J.: 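First the structure, then my questions, so here it is.
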Amino acid sequence: MKKTLTLLIIYYLLFSCTTSKAIRNTAVNNGDCKYIFKNGFQNITDNNVLLVIKNDTLLLTEIKYECTFHSFYTGGIMYNKYGKWNNTLSSNEGMAMMIWNDIKLFKNDSIRINIATKGIENTKTINSSIMVYDNNNNDLLSENSKYREKLIDYFSKRIKRYRNIDKFYEEYWKTVDPKRWETIQFNRKISKNINKKH
């Protein structure tokens, strides 16, 4: 009996922590994400993006994890492991882009990389994305990069296990738009007071 119970607990922990929950997305109006996935994504897409950093213009591959529950997933993953980002670039669409510089991401590889993360939430879509390049500005997500699949897999697995977005969420808004953070805090306070009354 004890052995059976132990096996059931292990089975529950393994599968409850890795399953992605599809939630009907009522905010999307004729968009691509009829469902959003808590700790998951609908599919992965890529496109080319021009990124201007200091005096360099880079043509990079952007990998998008589509229909995520939060547009903050990839940024939160980086923040939880490496702390606050090094640079912020404003974006015309979605949240500001955060860049972590000179990161050693893989234990068994000496390559140092730069990782840019961003996300988009609007009435058409919600996604969380990455762009990755080395210190010589080589695109590590290009079709012919030996790191492409390894990087996509790295973030895919972590999105499925991601749990705590609160610290990143707070740091992001305090840095990028402090007034919005004040509004978020104010709205949370009102919501708590309303819930106490009911």
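Along the sequence shown, the residues carry numbers beginning at 1. From a predicted model like this one, the values you see are computed outputs, not experimental measurements.
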J.: When rounded to the nearest 0.5 angstrom, what distance separates CD1 in Ile113 from CG in Asn138?
T.: 12.5 Å

J.: Run the salt bridge (Lys or Arg N to Asp or Glu O under 4.0 Å) check on Lys146 and Asp109 step by step: do they pass?
T.: CA-CA 12 Å; Lys146 70 178 189 176; Asp109 199 321; 5.3 Å; no

J.: Is atom NZ of Lys81 surrounded by more than 12 heavy atoms (other residues, nucleotides or ligands) closer than 6.0 Å?
T.: yes

J.: Using side chain to side chain donor-acceptor pair (under 3.5 Å) as the criterion, list what pairs up with Glu171, not counting sequence neighbours.
T.: Lys84, Thr175

J.: Flag yes if Tyr73 and Met98 sit in one hydrophobic cluster, no otherwise; membership is Ile, Leu, Val, Met, Phe, Trp, Tyr, and two members link when side-chain heavy atoms are under 4.5 Å apart.
T.: yes

J.: Sort out for me which residue in Thr117, Thr74, Thr68 forms a side-chain hydrogen bond (donor to acceptor under 3.5 Å, both in side chains) with Ser128.
T.: Thr74

J.: Just do the side chain to side chain donor-acceptor pair (under 3.5 Å) check on Ser129 and Asn127 with the steps written out, would you?
T.: CA-CA 7 Å; Ser129 67; Asn127 65 57; 4.7 Å; no

J.: Kindly indicate whether the side chain of Asn114, heavy atoms from C-beta on, has any atom under 4.5 Å from the side chain of Ile53.
T.: no

J.: Given Ile115, which partner from the list Tyr133, Trp85, Phe155 fulfils the side-chain contact (heavy atoms from CB on, under 4.5 Å) test?
T.: Phe155

J.: Can you name the nearest heavy-atom pair linking Ile120 to Ser71, along with the distance?
T.: N-CB, 3.7 Å

J.: Looking only at heavy atoms, which two atoms of Thr61 and Ser142 are closest? And how far apart?
T.: OG1-CA, 3.6 Å

J.: Inspect the surroundings of NZ in Lys167 and state if more than 12 heavy atoms from other residues, nucleotides or ligands are less than 6.0 Å away.
T.: no

J.: Any link between Leu151 and Leu58 through a network of hydrophobic side chains (Ile, Leu, Val, Met, Phe, Trp, Tyr) touching at under 4.5 Å?
T.: no

J.: Please give me the minimum heavy-atom distance between Tyr82 and Lys104, naming the atom from each residue.
T.: OH-O, 3.2 Å

J.: I need the minimum non-hydrogen distance between Val52 and Leu89, along with the two atoms involved.
T.: O-CD1, 3.9 Å

J.: Sequence neighbours excluded, which residues qualify as ring-ring contact (aromatic ring centres under 6.0 Å, His included) partners of Tyr154?
T.: Phe106

J.: As a test of understanding, state which of Phe37, Phe41, Phe72 forms a ring pair (Phe, Tyr, Trp, His ring centres under 6.0 Å) with Tyr65.
T.: Phe41

